[in-house]
> 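Have a look at this one.
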Amino acid sequence: MEYTPGFIEAKWKQKWKEADIYKVEIDRSKPKYYILDMFPYPSGAGLHVGHPLGYIATDIFSRFKRHQGYNVLHPMGFDAFGLPAEQYAIQTGVMPQISTEQNIKRYREQLDNLSFSYDWSRSVTTSDPAYYRWTQWIFIRLYEHYFNTKENKAKPVSELIEVFEKSGSEQAAAFSTIEDHFTAQQWKAFSPKQKDDVLMHYRLAYKGQAFVNWCEELGTVLANDEVKDGLSERGGYPVVQRPMEQWFLRITAYADRLLNDLKTLEWTDALKSMQENWIGKSEGAQVFFKIKDSEESIEIFTTRPDTIFGASFIVLAPEHDLVEKLVTPEQQHTVKNYLDYAKTRSERERISETKQVTGAFTGAYAVHPFTGESIPVWISDYVLKDYGAGAIMAVPAGDLRDHAFAEKFSLPIIEIIDRSAHPKATIEDKLGTMINSGFLNGLEVKDAIKMAIGEIATKGIGKAKVNFRLRDANFSRQRYWGEPFPVCYDEDGICHPLSDTDLPLMLPELEDFRPGAGSQSPLARVPAWQSTREGYRRETDTMPGFAGSSWYFLRYMDACNPDELVSHEAIDYWQNVDLYVGGTEHAVGHLMYARFWHKFLFDLGIVNTQEPFRKLINQGMIQGRSNFVFRAKENFFEEYLKINVLDKYFADSGVYRLTEDEYDEEFCADWAFKSNDLVIEVVSWKLEDKIERIKGAVLKAGKRLLIITNEELTMSINHPLVIAEKIRTAIDGSENFIFDKSEEIDSQLYVSYNLTGNYSADCFSKIHVDVNIVHNDYLDIDAAVATRQFENAYFLIDDNKQFSCSWEVEKMSKSKYNVVNPDDMVAAYGADCFRMYEMFLGPIDQAKPWDTKGIDGVAKFLRRLWSLFFDENGKIQLSDTEPTREELKILHQCIKKVSEEVERFSFNTCVSAFMICVNDLRRIECRNLSVLKDLLKLVSPFAPHIAEELWEQSGEAFSVTLQPYPVFDEKYLKEDHIEYPVCINGKKRALLLLPADMDKADAEKQAVSLPEITKWLDGTPVKKVIVVSGKMINIVI
RNA sequence: GCCGAAGUGGCGGAAUUGGUAGACGCGCUGGAUUCAAAAUCCAGUUCUCGCAAGGGAGUGUGGGUUCGAUUCCCACCUUCGGUACCA
């Protein structure tokens, strides 16, 4: 029987489906294991071979864990809200509901093609109202809670209101961004709107102000992605930063918990440190600087209060509230100009710019709290409004950017730290002794920091403060295709959440997806949807992409529950995700938000774990391997004629290149002969003017002219003899002017890459070519001419009649013509082969290029595995005798390697181990049933179809998928001899077979007396011999 | 700029705790089989000098630690991911 993947795979897909073999339920008799893939966004382009990498890995691991007796939850769903569908709707008018549904259908087909063991009955889609109902529900809970700093957890806002009513703001242990100071009486006197505003300072979901990318011409807010160099990507219109009312989530309240609990996670150190740095906890001091001749003071945050005596000016963020109040009439104009400039700068640009500083003087002065001196107040875009207090005390001697700023604007630089004891220390190291610093003089930096904070507090001008780089999450989008906010506003603008019974608040259907008036979302165009029965108006912003993806892993546990987002029973059993696999691009965004939501739900008692993802693996990207063809440019043809015709066939005719000296004209023909009066010009037949002028010049000089057109060279490109004969005829003939007009075609000439080296580099344009018509870096010319790109193409082929292409590794994308579709791979090689090859490419966590040509190796392996079971006539032939020692050794080597490597997620080396095992078993012509059956169990997670088929062919009952995993036994691998490498100074010089239990002294003696070694030593005394038992012997001379 | 990762043959990669660098596979070269091709099988394949025996060099670059470094330390270069509204 032959191995026919197409037939076998269809058969087993059907059987698995009929048996519903991947359906999973709570089963308390088995330990649970929850394996999750990162939520895919179903884009219109469909899956390419890079997408399933992580899915294959988790599928192998899921199957492996099932073999080991775990009850495995392995679900898949779709993160379906997002910008691309909305963009598509704007362009084509196709409703996102429709395009998303189509895209999901296509993704599902492509995923099914690879036979993943998902329990599809648990699938969720974020844009499904049955799902986003619960996203809205969580939002309302966030809105209704604040963060209690004493209990370090979320508590109901209703309790906070009670505190306010009883004892005002001072008694409230509530996390807020603004420090409120009011008494119970004052609170009670507040208007409902005032109360609403105050509570927004505490709610975990609140309204605030943020700067957004505003594009006036497009009438919309743009994603950072849509802005390039200060202009909109679509249209190239100017984009400015503009403040806007937005919903926020108070993730900063959870900063400490998010930071501390990282320790409990089995994530890579790299990922943890990225999260740590993102949270960016820094301890320092808040200090107030009084403004000279004013009641105002500026709050600054500094991590280096020790350097306060070096503060020679203050810098405010351009957006700082005080700027307007502080600016003096004389500086109005300068500051206004600077603010206009700052508006055009994106935050990224502002942070990245380190070489050039810009800024403007406000005209105001602050009073240094210790020296009493007046120091100027400047504004500059290197200070960010959202970081710290949005203002800094600038210490030029202690900070590089402050230093650059001081130099540029000639501000004083006061040395405050003597680093002479630390010659290698940079100005940002916390090392040295304080100088020029009043009461801090002589202290070490570390002590000076403490002392300075103490003094600042005593003087009542500030206090120690912890600052986080982490910012509250902007949760508003002025978009259509997202979850509607379940809130509305009354006539006073007071916010009212919907009651739970009114959920889900459905997204209305729309026909026009352009932005609404005045920077509003398209929902603002639907007045009927906007107004509620109470006469309130709804929020028209929608939620961002991370809303739905911040909790989806919980819904999989109980996907169809209509009454709760997840039942207690399901949470109690499944708890949290044991293994999460996805790309590093989610390292800080999604993973931070999901952890935040999970912690909030923990505070509410909905989940029973502090962290959502226990272990996490980052998969590397699969890059594209682009192919390029080389198109001949104008100057190619002249070089071609010389190399392939003139040098070859007319070398003895004295052919030479004409120089300008030979004619008076500013142009000349290309080639002439010493032995006769013919001149040759290579030119496109279309350049008739040029031909006429050359004709005139050449005939005037009394020579004859042969025009060879680029077009005729192109059409006879692989037949240089045709041209040679034409030249010969011309030489021998007597015509004065020979010019054969080509027929009018627009042809292009492409040159095989391996020939391009013969010509100047500027003879060619390098152009992407679809990798699907290139095999082994050789262009399939027949396939190529059938495409639009090569409709009228001619190809200069190499000596082997091949046309080669160059290649480069790039991102896999449509525009680079390097996209490979997994469906095509499955059609050609089968899903088993594709799955295995994708794993074989390299380590799961590293980026690597896809190259289809290597897949043959895996295909060959599968055929060899198959052939182990059959004789040369294709009949199943297996023996049920006792396995030999050698067979067991080969098998157990494989069991050991594969079970260890799967646990380490090193799937590429597993595939190698399988190949070695099958090669070895073939070599000894193993036909042993028990050995081969164990091998099938090992292979089954990687290549389930072939394993299932061979299992059945071996006479076993359905299904290999449900078999327990083979157990490794050390005794089969024991060796009584070890082959030692014998090295001299670390370089291998000989091999020595020694008994495994030989002691070191004897081994040393044997090694030193080896003939290869004595030859090397040649009398040189041996200084030392190092014997590492079981590993190697090193002789030091 | 900042944070994180990765650089090993022609290519993808292996070397698990500092111990034989290049497993396994692709490609290439030669051979067998075949009318021929595909498929299959066998042998070779880091570079370099050499007919060979054998020698030298070699894991991005430069330095260091060590009997011994792809692995540890320092500095640098290049590429990739993220950088808060792509998902």
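So that the names make sense, note that chain A is the first sequence line, chain B the second, and so on, each numbered from 1.
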> Please confirm whether A/Arg922 makes a cation-pi placement over A/Trp866, using NZ or CZ under 6.0 Å from the six-membered ring centre and within 45° of the ring normal.
no
> Can you list, pair by pair, the side-chain donor-acceptor contacts under 3.5 Å of residues 1027-1035 of chain A, counting residues two or more places apart and other chains?
| from | atom 1 | to | atom 2 | distance (Å) |
| --- | --- | --- | --- | --- |
| A/Asn1034 | OD1 | A/Asn985 | N | 3.4 |
| A/Asn1034 | OD1 | A/Gly986 | N | 2.9 |

> For residues 904-914 of chain A, pull every pair meeting salt bridge (Lys or Arg N to Asp or Glu O under 4.0 Å), keeping only residues two or more places apart or in separate chains.
A/Glu901-A/Arg904
> Among B/rG27, B/rA5, B/rG19, which nucleotide sits nearest the side chain of A/Lys1031?
B/rG19
> Please list, pair by pair, any protein nitrogen or oxygen found under 3.5 Å from a nitrogen or oxygen in nucleotides 83-87 of chain B.
| from | atom 1 | to | atom 2 | distance (Å) |
| --- | --- | --- | --- | --- |
| B/rA84 | OP1 | A/Arg348 | NE | 3.3 |
| B/rA84 | OP1 | A/Arg348 | NH2 | 2.5 |
| B/rA84 | O5' | A/Asn224 | ND2 | 3.2 |
| B/rA84 | N6 | A/Arg469 | O | 2.9 |
| B/rA84 | N1 | A/Arg471 | N | 3.1 |
| B/rC85 | OP2 | A/Arg477 | NH2 | 3.4 |
| B/rC85 | O4' | A/Arg477 | NE | 3.2 |
| B/rC85 | O4' | A/Arg477 | NH2 | 3.3 |
| B/rC85 | O2' | A/Asn224 | N | 2.6 |
| B/rC85 | N4 | A/Gln246 | OE1 | 3.1 |
| B/rC85 | N4 | A/Gln478 | OE1 | 3.1 |
| B/rC86 | OP2 | A/Asp225 | N | 3.3 |
| B/rC86 | O4' | A/Asp225 | OD2 | 3.0 |
| B/rA87 | OP1 | A/Leu83 | N | 2.6 |
| B/rA87 | O3' | A/Asp79 | OD2 | 3.1 |

> Look for any protein N or O under 3.5 Å of an N or O in nucleotides 73-78 of chain B and output each such pair with its distance, or none.
none

> Write down the distance separating the P atoms in B/rU40 and B/rC49, rounded off to the nearest Å.
35 Å
> Please determine whether a side-chain nitrogen or oxygen atom of A/Arg922 lies at a distance below 4.0 Å from atom OP1 or OP2 of B/rC41.
yes
> Side-chain N or O of A/Lys987 less than 4.0 angstrom from OP1 or OP2 on B/rC67?
no
> Of A/Ala847 and A/Arg863, whose closest RNA chain B nucleotide lies nearer the 5' terminus?
A/Ala847
> With a 3.5 Å cut-off and no angle check, do the side chains of A/Thr252 and A/Asp472 form a donor-acceptor pair?
yes
> When you compare B/rA39 with B/rG22, how far apart are their C1' atoms, in angstrom units rounded to a whole number?
29 Å
> Check this one for me: any side-chain N or O of A/Lys860 less than 4.0 Å away from OP1 or OP2 of B/rC26?
yes
> Closest approach to the side chain of A/Lys988, judged atom by atom: which nucleotide of B/rC3, B/rC41, B/rA21 is it?
B/rA21
> Given that both distances must come in under 3.5 Å, which nucleotide forms a Watson-Crick or G-U wobble pair with B/rU65?
none
> Applying ring-ring contact (aromatic ring centres under 6.0 Å, His included) to A/Phe942 and A/Phe914, what does each step give before you reach the verdict?
CA-CA 10 Å; A/Phe942 291 78; A/Phe914 286 135; 5.2 Å; yes
> Between the side-chain atoms of A/Asn1034 and the base atoms of B/rC67, is any donor-acceptor pair under 3.5 Å?
yes
> Give me, pair by pair, the N or O atoms of the protein and of nucleotides 28-31 of chain B that are less than 3.5 Å apart, along with how far apart they are.
none

> List the residues meeting side chain to side chain contact (heavy atoms under 4.5 Å, CB included) with A/Ala317, not counting sequence neighbours, and say none if there are none.
A/Glu319, A/Val383, A/Lys385
> Checking A/Gln241 side chain against A/Phe211 main chain: does a donor-acceptor pair fall under 3.5 Å?
no
> Using a 4.0 Å heavy-atom cut-off across all strands, classify A/Lys896 as base, sugar-phosphate, or nothing.
nothing
